[in-house]
S.K.: 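Supplied in structure tokens, the structure appears directly below.
All chains are named by letter (A, B, ...) in the order of the sequence lines, taking the proteins before the strands, and each is independently numbered beginning at 1.
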Amino acid sequence: MILTLSEREMEVARKVLQREPNEAEWRMLDVLWSEHCSYKSSKVFLRSLPSEGPNVVMSVEDWQDAGAVDIGDGLALVLKVESHNHPSAVDPFNGAATGVGGILRDIISKGAMPIALLDMIRVGELNEKGKWLLRNIIAGIGFYGNSVGVPVVGGELSFDSTYNDNPLVDVACVGIVDKGSIVPSVVKEPGLRLVLTGFTGLDGLGGASFASRKLSGNDEIGAVQIADPFAGKIVIDSTLEVIKYVDAIKDLGGGGLAVAVTEMANGLGAIVNLEKVPLRVKELLPEEIIISETQERMLFAVKPENVEKVCSKFKEFNYPCEDIGEITPDRRVKFLYNGKTVADLPSELLLSPPLNLMPSERAPRRYNVPKDVTIEEAINKVLSHPDLVSKEIVYSQYDYEVGTSTLVKPGEADSAVLELPNGRLLALKADANQDLCSEDPYECGKSIVAESFRNLSTVGARGIALVDHLQFGDPRKPHVYQDFIESLRGIAEASRFFSTPIVGGKVSFHNEDKDGNPIKPTPLVVMAGLIEDKVVRNEVREGTLVLLGN
Amino acid sequence: MIKVELIIINKDGVRDPEGETLKRYVVDEVGKDKVADVRVGKVIVIKVNSSSREEAEKFVTRLAEEKRLYNPIVHKVIVRSEKIEDGNN
Amino acid sequence: MIKVELIIINKDGVRDPEGETLKRYVVDEVGKDKVADVRVGKVIVIKVNSSSREEAEKFVTRLAEEKRLYNPIVHKVIVRSEKIEDGNN
Amino acid sequence: MRTAIIKFPGTTCEMDVLKALKLVKADAEIVLFNKFDPDHYQGVVLPGGFSFGDYLRAGSIAANSEAIKGVKEMANEGKLVLGICNGFQILVEAGILKGALLPNLNLRFVTKWVWLRVKRKDTPFTKESKDVLFMPIAHAEGRYFLDDEESASEIAVLQYADERGVPTSEANPNGSLMNIAGITNEGENVLGLMPHPERASFRSISPNGSSDGLHILKVFGG
Ligand SMILES: Nc1ncnc2c1ncn2[C@@H]1O[C@H](COP(=O)(O)OP(=O)(O)O)[C@@H](O)[C@H]1O
């Protein structure tokens, strides 16, 4: 058994339990206490983000699967960004595609209808491997987004050798929901049934925290998740049909059932009968069912009388749906298999890993300005950089017209504009800047927020909210941790300045090349704005040159 | 001339949603108990100017690796070959 | 159990852009004379509960026709089979 | 006209089609594939998307469904049948329309606004249409093929063209035979096309402010 828990963390667990956890329990603790699920090294700082505002409906401190802001007429906009970097490095097609699937499920978990996606791609040099990565990442994003009918309306494409071994694939999604019908991720009362849809399989066994292992003689299966947008589409359509019958929704992501059940119970208890979980392959062990990360699954908390109504919507499409357990008052999360206890841990312990404040140390500033460059060289260098070529080859592979509401399309302006169901116009933009961030993460944090705000203004929109995604190397390295803290400080300061509350975000550490060097710090923000008057369309005619600023 | 067939298909433990869907919605309609499993993959047929099957197979295998025609983490490959008369088949 | 392989590939007169692209690649790499032709198609591997290869092949051929697993205007199909132990590959 | 918009698992454009059909005052509704009764309707639309994941070949699994048998019946009875994008692929896979739709020559999914020459105006769908229409395509398998050019030319209703309506090879986005973007059947009551008329029905989202898709969809009005 390979665990990522530290000695100190294991001691804490033993002390609280007054016994040695069994293998299944260690694995549960391992995923729930992983950085990915628990934010143990970042939570303190995320709490300092300006997350409040008159329009904010659901924000960082609510710790839900996505943030939400009021956009008038009783509607809320739900917003979320996430990366799928490591899976995309191994299998760019499926890695990128499952990233899209994951972010969509976050949005539908709130009961919101997904209306647009953005994709931000960062790859290294365009050698044989770089081209293979890029080609497959784009194809994977298109495969999933197109198949489920959610338009990809914008994004970024950037090249830097810092991403040679560790490409960054970020996807953001926005959705629309009636403000009063937002579905929580957590339950408030015992007695609710736990309903699971989708098959559980071998795939994605071990994604969140332990390395691949041999299974039935096959190698490395665990690392790979195959995208199935067809199943994803059934999950989206059916989930949106049943939201009126459910009390809480969690999608199954990192850490599988272990994490979804524990987080949904949110301090209450739960009993799950693992033999009821629909399986794709017969030979799965109970301990494996608990942590399998198979895609296209959702967990619902449902009043007993509504279980049938929920499941019938899935079964209509031949999609599995079972009542697997219940929320209990006893504050313990229990997994049973045919009545036998497989794991039994206090909710409180699972939800509160020892926080992790690590040493941080400011790196020497890395200003790296080449001297003696002629203006001609500089212009040639900039204009021939692959970041500045037309991105049509990317966005033309995405169905950005589906939904018949994409007003300003990819390639037409610095932000995308969508028509909302209430007639209002929504602008979206994502920005990051790895070069600036590697020189001065604090200034860079401010700068990327300001840049998104400016980009929105070019179509006539004012930013109303943002989500951030913080991508760094190993936080145990003091310079990396310090970069993280400083860029966050910069982002927070700029969001306060522009009154654009941060309603959600995500942290991705351990982005490194194969020699263990961290990537350039790459925080990224996605901002949403509303157009108050009409869309501004920039039109440059022959003979005009427009420069702003000093 | 050697005709080399390269079959690229997901490894046994790796899911194949295409095969699953085909089984569930098409094949099972004809006879549910008749078929145990359906898998879908890609086939590449290359006619190589060579007189040795072994050499031709090696050539195609190397090509598939170098040009990343498959992803060794997800796929397995099966290589077969046969000698053919020029231009035939 | 019989493992039946159904290979679906474009007829000779129908363009096969994937094969063409691949061929261009190869030609770039190793020279024009090495490779005469490249074609890319699909393979469906079906495990049929049957003890006769002939019967299994017939079943798959009928399935392919009735359920239009291929489009006779553009595709040709090749059916092959082999006997396997239950559960094995 | 009482019109069904059939939704298969994986269909993505049913809401957009409904929204556009409302503009032409059609009496349209979305029907799930396993609840479709052809006798209830005078017209049917198969919208775009990825029915059954488009596994195997685009449209091939849906083409095997009971619902498509019903569509075939309607086609035979002379009722109006429109297949858009994936709907066109399904009609072809089901043999209701002739030919095949193969992967685009450049092997990529492509989204793009294109000009279309209306080659035949003797179908109910194109009766009073303009000569040149502006609509978006979004597909990976749209290269029309038929092994008989003469008959392809006869059934062709729409061709990819330049702005003036000339079907040049530059205007061909996917390598279709004779730039074919849409075809009809012998009875002219079935139309299949790769471009999306429903996405070209709202002036605000059309790059040039047109709503040419309504020229096709209006047949379901009234
Ligand atoms: N990965 C991508 N996916 C979708 N659209 C993209 C992607 N990358 C770039 N685009 C779109 O291409 C257009 C031009 O991009 P870019 O040159 O990066 O603009 P900017 O400099 O304003 O960020 C924008 O509309 C952008 O949204």
S.K.: Chain D heavy atoms under 4.5 Å from A/Thr406: which part of the residue, side chain, backbone, both or neither?
M.R.: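 Only the backbone of A/Thr406 comes within 4.5 Å of chain D.
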S.K.: State the SG-CG distance between D/Cys85 and A/Asp399, to the nearest 0.5 angstrom.
M.R.: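 Reported to 0.5 Å precision, the distance equals 8.0 Å.
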S.K.: For atom NZ of D/Lys79, is the number of surrounding heavy atoms from other residues, nucleotides or ligands below 6.0 Å larger than 12?
M.R.: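 Buried by this count: over 12 neighbours within 6.0 Å.
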S.K.: With a 4.5 angstrom heavy-atom cut-off, is it the side chain or the backbone of D/Ser201 that approaches chain A, or both, or neither?
M.R.: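 Neither part.
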S.K.: Could you point out which residue of D/Lys19, D/Arg199, D/His196 forms a side chain to side chain donor-acceptor pair (under 3.5 Å) with A/Thr404?
M.R.: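 With A/Thr404 as partner, D/Lys19, D/Arg199, D/His196 yield a single side chain to side chain donor-acceptor pair (under 3.5 Å), made by D/Lys19.
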S.K.: Check whether D/Tyr55 gets within reach of chain A through its side chain, its backbone, both or neither, counting any heavy atom under 4.5 Å.
M.R.: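 Contact with chain A is through the side chain of D/Tyr55 alone.
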S.K.: Please classify the contact of A/Leu407 with chain D as side chain, backbone, both or neither, using a heavy-atom distance under 4.5 Å.
M.R.: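 Answer is both: backbone and side chain atoms of A/Leu407 are under 4.5 Å from chain D.
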S.K.: In terms of heavy-atom proximity below 4.5 Å to chain D, should A/Glu316 be classed as side chain, backbone, both, or neither?
M.R.: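 A/Glu316 touches chain D through backbone and side-chain heavy atoms alike.
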S.K.: Less than 4.5 Å to any heavy atom of chain A: does that hold for the side chain of D/Asn34, its backbone, both, or neither?
M.R.: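 Answer is side chain: those atoms of D/Asn34 sit under 4.5 Å from chain A.
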S.K.: Checking A/Asp228 against chain D: side chain, backbone, both or neither under 4.5 Å from a heavy atom?
M.R.: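 Looking at A/Asp228, backbone and side chain both touch chain D.
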S.K.: Taking every heavy-atom pair that is under 4.5 Å apart, which of D/Val110, D/Ile137, D/Asn86, D/Asp54 has the most such pairs with chain A?
M.R.: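 The candidate making the most pairs under 4.5 Å is D/Val110.
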S.K.: Name the option with the most non-hydrogen atom pairs under 4.5 Å to chain D; the candidates are A/Ala231, A/Pro229, A/Gly403.
M.R.: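 Most heavy-atom pairs under 4.5 Å with chain D: A/Gly403.
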S.K.: A/Val148 versus chain D, heavy atoms under 4.5 Å apart: side chain, backbone, both or neither?
M.R.: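 Contact with chain D involves the backbone of A/Val148 alone.
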S.K.: Looking only at heavy atoms, which two atoms of A/Asn146 and D/Thr12 are closest? And how far apart?
M.R.: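 That closest heavy-atom pairing would be O-CG2, 4.1 Å.
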S.K.: Please check if the number of heavy atoms outside D/Lys22 that lie under 6.0 Å from its NZ is greater than 12.
M.R.: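 12 or below, so no.
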S.K.: Pick whichever of D/Pro9, D/Ser206, D/Gly48 has the most heavy-atom pairs under 4.5 Å with chain A.
M.R.: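 Counting heavy-atom pairs under 4.5 Å, the top option is D/Pro9.
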S.K.: Around atom CE of D/Met74, are there more than 12 heavy atoms from other residues, nucleotides or ligands closer than 6.0 Å?
M.R.: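 Yes, enclosed.
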S.K.: May I ask you to say whether D/Lys112 pairs ionically with A/Glu401, meaning some side-chain N is under 4.0 Å from a carboxylate O?
M.R.: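 No salt bridge links D/Lys112 with A/Glu401.
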S.K.: To the nearest 0.5 Å, what is the distance between CZ on D/Phe50 and CZ on A/Phe230?
M.R.: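 Taking CZ in D/Phe50 and CZ in A/Phe230, the distance rounds to 13.0 Å.
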S.K.: Using a 4.5 Å cut-off on heavy atoms from C-beta on, say whether the side chain of D/Thr111 contacts that of A/Tyr398.
M.R.: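 When only atoms from C-beta onward are counted, D/Thr111 and A/Tyr398 do not touch, as no gap falls below 4.5 Å.
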S.K.: Decide side-chain contact (heavy atoms from CB on, under 4.5 Å) for A/Lys233 and D/Thr11; before the verdict, give the C-alpha distance in whole Å, the side-chain angles of both, and the deciding distance to 0.1 Å.
M.R.: CA-CA 9 Å; A/Lys233 174 71 172 151; D/Thr11 297; over 6 Å; no
S.K.: How about NZ on A/Lys315, more than 12 heavy atoms from neighbouring residues, nucleotides or ligands closer than 6.0 Å, or not?
M.R.: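 Atom NZ in A/Lys315 is crowded, with more than 12 foreign heavy atoms closer than 6.0 Å.
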S.K.: Could you check if a side-chain atom of A/Lys409 sits within less than 4.5 angstrom of a side-chain atom of D/Ile205, using non-hydrogen atoms only?
M.R.: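 Sidechains of D/Ile205 and A/Lys409: in contact.
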S.K.: Between D/Phe33 and A/Phe317, how do the two ring planes meet: parallel, tilted or perpendicular, split at 30° and 60°?
M.R.: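 Rings of D/Phe33 and A/Phe317: parallel, under 30°.
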S.K.: Just wondering, are more than 12 heavy atoms of other shown residues or ligands nearer than 6.0 Å to CE in A/Met113?
M.R.: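 Count not over threshold, so no.
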